Every structure is written in structure tokens, then in C-alpha cells.
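Because the structure is a prediction, the values reported are computed rather than measured.
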Amino acid sequence: MKRLNLMLACAALIGAALPASPCSRVTYLAADSTEVIVGRTLDWRTPIPTNLYVYPAGMEKKSMPEGPCYNWVSKYGSVLAVSYDGGATEGMNNQGLVMNGLFCKTSVYRTDKTAPKGTPVMSLSVIVSYFLDNFASVEEAYTWMKNNDFAISGQTFDGGTVSLLHWALTDSTGDTMVIEYDGGEVKLYRGRELQVLTNDPTLPQMQAINAYWEGVGGTHMLPGTVRSADRFVRGSFFIHHTPTDLKGDVAVAALSTVMANVSVPYGYNIEGEPNVSMTQWRSMSDLKRHVYYFRFADTLGNFWVDLDRLVLTPGSPVLKLDTSRNRAVYGCVNDRLRASTPFNPMW
């Protein structure tokens with residue numbers, strides 16, 4: 001009993017030291033590498049309208065409307081979850097690369113004001129598109145990051161909240177790279193073992209907290225709050241106690257049970273801590289079959305986009321699923337996608 005009380009006290013001290021902010025990401029990896037599926041929750045205090053866009057290859061794009069920036073032509077098609085019709089929160093391309101942006105209020109970017117003159121500037125609204133348009137694997141993205149430098153530009157949202165993010169990319173081999181900004185310096189972490197990401201503190205600090213709980217064991221006690229570190233610990237414990245021989249729809253369904261465990265109850269809010277808020281939607285990206293699953297928290301089932309059944313060659317139209325008109329749908333929504341203009345980035 002004394003040992004249990006000591007462990008509980010240590011856990012409380014660890015939790016009290018952590019800032020609170022939501023969103024969780026967990027990757028299912030089959031032991032034989034035949035299944036790689038990435039799940040993600042989007043949690044926030046106020047509604048974040050989110051539509052799905054499908055972009056073909058061959059589109060000319062830029063990272064800022066003017067000044068030093070990147071210009072490119074997309075190599076691959078992709079599906080994007082776009083918030084406020086102005087910024088890509090996450091997405092997956094038709095090569096099986098997924099990128100998710102999660103809130104991280106400890107992030108300190110290099111901006112156009114702090115970077116050397118002439119440094120290309122990347123808008124947060126299109127950074128996901130840049131990686132999905134240009135890279136087919138984590139190895140390619142990692143090599144590019146090691147050899148290129150850019151500054152960050154991002155608009156506030158939700159009445160003035162600063163867009164502070166970190167990102168994770170996973171490819172169809174299960175390789176993962178996490179991108180974090182710490183004191184204006186970009187930090188890259190890479191490996192198949194990086195199956196879980198939540199918010200702050202930084203990934204190395206989060207791994208240290210998780211190591212403590214691995215020592216506790218987890219079978220009889222796990223941290224149960226909605227705080228970032230607690231969700232990280234639960235996600236890590238449950239994904240490592242999920243069978244690794246599952247296939248197809250069963251693997252997707254199994255990952256959804258883990259994502260439910262790290263979700264925040266619908267309508268939940270802590271007075272004075274607006275960042276600790278309900279889960280608004282969950283997604284799962286099947287990187288082997290190129291299927292992107294999506295579900296709003298206040299609906300009863302998943303709907304999905306199957307990229308392999310769409311024409312994404314150069315010259316094909318941009319497609320959009322307007323979720324305000326297709327919210328309570330279920331199943332494959334390829335036939336509900338409509339030709340659309342591209343979303344208008346919030347530079």
C-alpha cells in the first residue's frame with residue numbers, strides 16, 4: 001500500500017507539471033508489416049469546421065503568396081482534412097504517406113522575422129500539402145528536412161489562438177518522423193517505434209514520462225485524465241497490447257478502440273483550461289490500401305475516401321466533400337465528392 005501511494009504521488013506530480021492541450025495520434029503496425037494504419041483525434045474547445053478535399057497530381061502550388069517561398073508541382077494525389085476551408089490539418093497521399101499536425105503550445109518557430117534574409121517561408125496552412133505533394137516516404141522527407149531550411153508563417157484562429165503545432169509523418173513501411181520546433185530550432189525524431197504522439201511537452205520528455213509508467217506496468221493502473229501525457233501513456237500501453245497479427249478491416253477496427261480510449265468525452269470542458277476539450281473527430285489512414293477513414297464524434301459511423309478508386313492524374317479536378325451536407329454518412333464517399341475550387345489558404 002505504501003508503494004502504491006508513492007507511485008500515485010509521483011504520478012500526480014508528473015501530471016501537475018504538464019501543460020494541457022489535446023489531440024492524439026497512434027500507429028498500428030502488424031508484426032509482418034502487412035498493415036500500417038495511423039489513427040488521430042482532433043480535440044478543441046470550439047467547433048472546427050472540417051471538409052475533405054482530394055487533390056490530383058500535377059498542380060502548381062506555392063508556400064506563401066509572395067516573398068521568399070517554395071514553388072512546386074505536386075507529384076502525387078492526396079486527401080486532406082481542411083479546417084475552416086483554409087488550412088490542411090492532416091492528409092494522406094496515394095503513395096501511402098500520412099502527415100498529421102497536432103497542437104503543441106511549447107513550439108517556438110523560426111519566423112520570417114527571425115530567420116536570415118531570403119529564407120523561404122512556409123505557411124502552416126499548406127505545409128501538409130507540401131510534404132504529401134513531394135514525398136512518397138519518410139526517408140525522402142527526412143533527407144529533404146536535413147538539407148533545407150525554411151521559416152514558418154501562421155495565422156491565429158478561434159479568436160486569436162496562435163497556431164502552434166508539431167507534426168508526425170508515417171509511410172507504408174511503418175517508418176515515422178516527428179518534427180518539433182524547440183526554441184526556434186527544428187528537431188527531427190525518426191523510427192518505427194514512434195507509434196504515439198500527443199501534444200506537449202516535447203517528445204523526449206514525453207518518452208521519459210512514458211518510461212516511468214512502463215515501470216509501473218500498466219496492467220493494474222494507468223493515468224486516466226485527458227491531459228496530454230496521460231493520453232500518451234494510455235495510447236502507448238494499449239497499442240502495445242493489441243494483437244499484431246490483425247488484417248484488413250479487423251486491424252482498422254482494433255485501432256479505433258485504442259483511439260476511443262485516448263479520446264476526450266463529447267462536451268467535456270475544464271473551466272480555465274480551454275485547450276483541454278472534447279474530441280470533435282477521429283481519422284484513420286490505411287497506408288497499405290490508401291483508404292482514409294473519418295468520423296465526427298457526434299455521429300454513429302465512419303465514412304471513407306478510397307484513393308485507389310479515384311483518378312488523380314494531372315488535369316483531374318479537385319474534389320471536395322462538404323461535411324455540412326454530408327455529416328451523417330457511412331461507407332465509401334467517393335461518389336459524394338464534387339468538383340471544387342482548391343481551398344483558399346489562410347496565409
Side-chain angles (χ1 to χ4, degrees), residues 25 27-30 33-40 50-61 63 70 72-82 87-101 125-145 167-177 247-249 251-252 255 282-295 302-321 323 331-343 345:
R25 184 187 196 267
T27 301
Y28 177 82
L29 298 177
S33 297
T34 56
E35 304 289 342
V36 182
I37 308 163
V38 175
R40 180 264 173 78
T50 302
N51 291 315
L52 302 188
Y53 282 78
V54 177
Y55 276 65
M59 292 190 65
E60 295 185 2
K61 301 182 185 180
S63 64
Y70 290 110
W72 72 95
V73 175
S74 58
K75 298 178 183 177
Y76 310 113
S78 60
V79 56
L80 304 171
V82 179
T89 303
E90 66 171 22
M92 177 182 67
N93 69 20
N94 59 354
Q95 303 301 299
L97 178 69
V98 64
M99 184 174 185
N100 312 89
S125 62
V126 298
I127 189 171
V128 169
S129 291
Y130 183 84
F131 279 83
L132 298 182
D133 288 349
N134 287 288
F135 307 122
S137 68
V138 165
E139 173 64 28
E140 292 178 7
Y142 178 79
T143 299
W144 186 87
M145 285 291 297
W167 298 268
L169 295 91
T170 299
D171 64 25
S172 60
T173 72
D175 193 8
T176 289
M177 176 175 69
K247 304 296 180 185
D249 291 347
V252 173
L255 177 59
R282 298 199 295 261
S283 70
M284 289 183 291
S285 300
D286 187 329
L287 304 188
K288 295 292 189 179
R289 297 168 188 81
H290 310 149
V291 178
Y292 180 76
Y293 298 88
F294 198 90
R295 176 177 180 174
N302 295 316
F303 56 87
W304 57 87
V305 173
D306 187 339
L307 290 181
D308 287 349
R309 292 167 58 187
L310 294 172
V311 178
L312 302 177
T313 52
S316 301
V318 173
L319 302 173
K320 177 182 178 179
L321 181 74
T323 61
C332 183
V333 293
N334 283 21
D335 62 346
R336 292 176 177 262
L337 296 168
R338 298 292 180 262
S340 169
T341 57
F343 73 87

Parallel, tilted or perpendicular, as decided by the 30° and 60° cut-offs, for the rings of Tyr130 and Trp144: tilted
Distance-only polar pair, side chains of Lys61 and Ser74, donor-acceptor under 3.5 Å: no
Short side-chain donor-acceptor distance under 3.5 Å, Thr89 and Arg40: no
Exercise: identify the closest heavy-atom pair between Arg25 and Asn100: NE-OD1, 2.6 Å
Thr173 and Asp171 side chains, donor-acceptor separation under 3.5 Å: yes
Exceeds 12 heavy-atom contacts within 6.0 angstrom, atom CG of Asp249: no
All side chain to side chain donor-acceptor pair (under 3.5 Å) counterparts of Ser340, not counting sequence neighbours: none
Side chain Ser63, main chain Tyr70, donor-acceptor under 3.5 Å: yes
Derivation of the side chain to side chain donor-acceptor pair (under 3.5 Å) call for Asp133 and Trp72: CA-CA 9 Å; Asp133 288 349; Trp72 72 95; 2.9 Å; yes
Step-by-step side chain to side chain contact (heavy atoms under 4.5 Å, CB included) determination, Leu97 to Leu169: CA-CA 7 Å; Leu97 178 69; Leu169 295 91; 4.2 Å; yes
Atom of Thr50, atom of Thr323 and distance for their closest heavy-atom approach: O-OG1, 2.7 Å
Residue pair Gln95 / His290: nearest heavy atoms and the distance that separates them: C-NE2, 3.8 Å
Worked check of side chain to side chain contact (heavy atoms under 4.5 Å, CB included) between Val305 and Leu307: CA-CA 6 Å; Val305 173; Leu307 290 181; 4.1 Å; yes
Donor-acceptor pair, side chain of Asn334 and main chain of Asp306, under 3.5 angstrom: yes
